[in-house]
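This one's a predicted model, so the numbers in the text were calculated from it and none came from an experiment.
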Amino acid sequence: MKISKETAQSLADDAEVNAFKIVENKLVGHSRWSLVFSLILEKDDKYYTVEYSTGSTELQDEIPFEYDEDEIELAEVTPQQILTTIYVPVDE
């Protein structure tokens, strides 16, 4: 599914538009000058994902999807539950 760059930028700024619901918007990585985020969206009982980057400090003037084309491609995904093991201290 493709959406406009303006719609994608609004969604990255946590504004729900065009019947998209933001499911998750989380930091997944970084480079020297940018932070990389994964955005999960839901619309009409389908889920989509797209990654975008922003400047890592106030001196890096990079807005979401700034260097992308006018249309942004969303990849369809499906939610799956995954069992995770964590380790906690033992009370003595």
Side-chain angles (χ1 to χ4, degrees):
M1 168 184 274
K2 289 189 178 187
I3 60 174
S4 71
K5 181 188 284 192
E6 293 79 19
T7 297
Q9 289 172 330
S10 294
L11 290 163
D13 287 333
D14 292 327
E16 295 185 358
V17 293
N18 292 351
F20 281 102
K21 177 183 173 197
I22 299 168
V23 176
E24 183 176 84
N25 191 5
K26 73 175 185 175
L27 180 66
V28 294
H30 62 87
S31 67
R32 183 172 182 178
W33 305 113
S34 301
L35 302 174
V36 180
F37 291 85
S38 172
L39 181 62
I40 306 292
L41 307 166
E42 186 265 326
K43 182 178 182 179
D44 301 328
D45 296 323
K46 290 187 177 183
Y47 294 87
Y48 303 92
T49 187
V50 66
E51 286 190 352
Y52 67 93
S53 61
T54 62
S56 59
T57 72
E58 64 278 354
L59 298 177
Q60 274 68 52
D61 190 23
E62 178 186 356
I63 61 173
F65 304 102
E66 179 175 2
Y67 303 111
D68 290 291
E69 301 293 325
D70 290 337
E71 288 191 321
I72 307 300
E73 182 72 35
L74 303 179
E76 188 172 352
V77 294
T78 184
Q80 292 185 4
Q81 292 185 351
I82 298 174
L83 178 64
T84 302
T85 301
I86 63 170
Y87 297 87
V88 296
V90 177
D91 293 331
E92 292 186 33

Of Gln60, His30, Glu62, the residue whose pairing with Ser53 passes side-chain hydrogen bond (donor to acceptor under 3.5 Å, both in side chains): Glu62
query: Excluding sequence neighbours, so at least two apart, what forms ring pair (Phe, Tyr, Trp, His ring centres under 6.0 Å) with Phe37?
result: Tyr52
task: Rounded to the nearest 0.5 Å, what's the gap from CZ on Phe20 to CD1 on Ile22? Could you check?
output: 10.5 Å
- line: Applying side chain to side chain donor-acceptor pair (under 3.5 Å) to Ser31 and not counting sequence neighbours gives none
Point-to-point distance, once rounded to the nearest 0.5 Å, from CG of Leu41 to CG of Asn25: 8.5 Å
- prompt: Where the side chain of Glu16 meets the backbone of Lys21, is there a donor-acceptor pair that is under 3.5 Å apart?
  reply: no
message: I'd like to know if the side chain of Thr49 reaches the main chain of Leu39, judged simply by a donor and an acceptor atom lying under 3.5 Å from each other, with no hydrogens or angles considered.
response: yes
- prompt: Under the 3.5 angstrom rule, does the side chain of Lys43 hit a backbone N or O of Tyr48 as a donor-acceptor pair?
  reply: no
Contacts under 3.5 angstrom, residues 67-80 side chains, donor-acceptor by atom type, not counting sequence neighbours:
| residue | atom | partner | partner atom | Å |
| --- | --- | --- | --- | --- |
| Glu73 | OE2 | Met1 | N | 3.2 |

message: Is there a side-chain contact between Val50 and Leu11 in this structure, where contact means two heavy atoms from C-beta onward sitting under 4.5 Å apart?
response: no
field: Heavy-atom donor-acceptor pair, Ser56 side chain to Trp33 backbone, under 3.5 Å
entry: yes
